[in-house]
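To start, the structure itself, in structure tokens.
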Amino acid sequence: MATFLLKTEPDDYRYADLQRDGRTVWDGVANATACLHMRAAKAGDAALIYETGGHKRVTGLARLVSEPYADPERPDLTKAGEIKFVVFDLEPVAEATKDGATLAAIKADPRFGGFELVTQSRLSAMPVPATLDRALRAMAGLPSR
DNA sequence: GCCAACGTTGGC
DNA sequence: GCCAACGTTGGC
């Protein structure tokens, strides 16, 4: 069971919106590397929701309730004929009970030195190694599973 | 295939 | 609001 970190702009869609909706299609990711990461996800995987802008922290935990699939709104193919834009469906699991998983705290913690959130600017979807997953959940006050 | 120009993201 | 970091586009 893998965990991914998904960025969202709070003006666009927040964890609170996911709680309100109960389920959503996680779309809008256009970056090739981010889409590649998303394609590696599987139904049942966990997703840490990270809000950019004025928040810059993990605000909640969600779960994939579908496999990745082609975005019906953007049925583009790559030159190799593969699906270019991938989406999946999410359901909320738990809201963060602590605001400790901030970007500042992540940057200050040497355990996250190689984490793509820090090393790869603008990447909006990335896998979270198990050790970092545990650390982030502890910092955000999220259930460990 | 190279690379300059341009657009976007997202922290500050 | 600024701009660094990056991806994409298009002329050649």
Side-chain angles (χ1 to χ4, degrees), chain A residues 2-42 45-143:
Chain A
T3 297
F4 292 81
L5 183 142
L6 303 175
K7 277 189 197 171
T8 186
E9 296 173 50
D11 288 346
D12 181 26
Y13 200 83
R14 293 183 292 154
Y15 187 75
D17 296 319
L18 178 59
Q19 287 183 307
R20 177 201 62 208
D21 295 343
R23 178 176 180 133
T24 197
V25 178
W26 198 261
D27 58 9
V29 176
N31 176 273
T33 305
C35 273
L36 201 70
H37 287 323
M38 288 176 70
R39 293 174 63 135
K42 292 188 164 45
D45 282 352
L48 295 164
I49 306 301
Y50 171 93
E51 295 184 13
T52 60
H55 298 177
K56 294 199 288 292
R57 60 189 169 89
V58 174
T59 55
L61 177 66
R63 190 165 303 287
L64 272 74
V65 289
S66 79
E67 302 288 338
Y69 58 96
D71 186 347
E73 303 288 325
R74 300 176 299 170
D76 307 51
L77 297 179
T78 64
K79 284 176 185 173
E82 298 189 313
I83 294 160
K84 195 169 183 182
F85 300 114
V86 172
V87 301
F88 42 55
D89 297 355
L90 292 184
E91 282 182 7
V93 174
E95 187 175 15
T97 57
K98 298 181 194 169
D99 64 359
T102 63
L103 180 64
I106 290 167
K107 280 186 167 177
D109 190 329
R111 286 179 296 177
F112 294 98
F115 188 36
E116 284 181 279
L117 183 69
V118 178
T119 63
Q120 184 76 19
S121 89
R122 305 194 300 151
L123 186 64
S124 56
M126 69 203 77
V128 183
T131 53
L132 301 185
D133 182 21
R134 281 193 291 275
L136 285 172
R137 292 188 196 213
M139 292 158 76
L142 287 166

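Every chain is numbered from 1 and lettered A, B, ... according to where its sequence line falls, protein lines coming before strand lines. What you are looking at is a predicted structure, and each value in this text was computed from that prediction instead of being measured.
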Subject >> Value in whole Å for how far the C1' atom of dG11(B) lies from CG of L117(A) >> reply: 11 Å

Subject >> Nearest-Å distance for atom pair CD/C1', residues E116(A) and dG10(B) >> reply: 17 Å

**OP:** Return no unless some side-chain N or O of Y50(A) is found under 4.0 Å from OP1 or OP2 of dT9(B).
**Re:** no

Original post:
Hey, is the main chain of L18(A) close enough, under 3.5 Å, to the side chain of D21(A) for a donor-acceptor pair?
Top reply: no

Original post:
Is the shortest side-chain N to carboxylate O distance from R111(A) to D109(A) below 4.0 Å?
Top reply: yes

Subject >> dG10(B) phosphate, OP1 or OP2, under 4.0 Å from K7(A) side-chain N/O >> reply: yes

Original post:
Hey, is the main chain of E91(A) close enough, under 3.5 Å, to the side chain of R23(A) for a donor-acceptor pair?
Top reply: no

**OP:** Figure out the CG/C1' separation between D11(A) and dT9(B), and round it to whole Å.
**Re:** 14 Å

Subject >> Atom pair distance, as rounded to whole Å: NZ in K56(A) and P in dC12(B) >> reply: 6 Å

Original post:
Please give, in whole Å, the distance from dA4(C) C1' to R122(A) CZ?
Top reply: 10 Å

Original post:
Taking CG from L5(A) and P from dG10(B), how many angstroms apart are they, rounded to a whole number?
Top reply: 11 Å

Subject >> Between C1' of dT9(B) and CG of L103(A), the distance in whole Å >> reply: 14 Å

Original post:
Within the structure, does a side-chain N or O atom of Q120(A) lie under 4.0 Å from either OP1 or OP2 of dG7(C)?
Top reply: yes

Subject >> For atom CZ of R57(A) and atom C1' of dC12(B), their distance in whole Å >> reply: 18 Å

Original post:
Between K107(A) and dC12(B), does any side-chain N or O lie under 4.0 Å from OP1 or OP2?
Top reply: yes

Subject >> N/O donor-acceptor pair under 3.5 Å between Y15(A) side chain and L61(A) backbone >> reply: yes

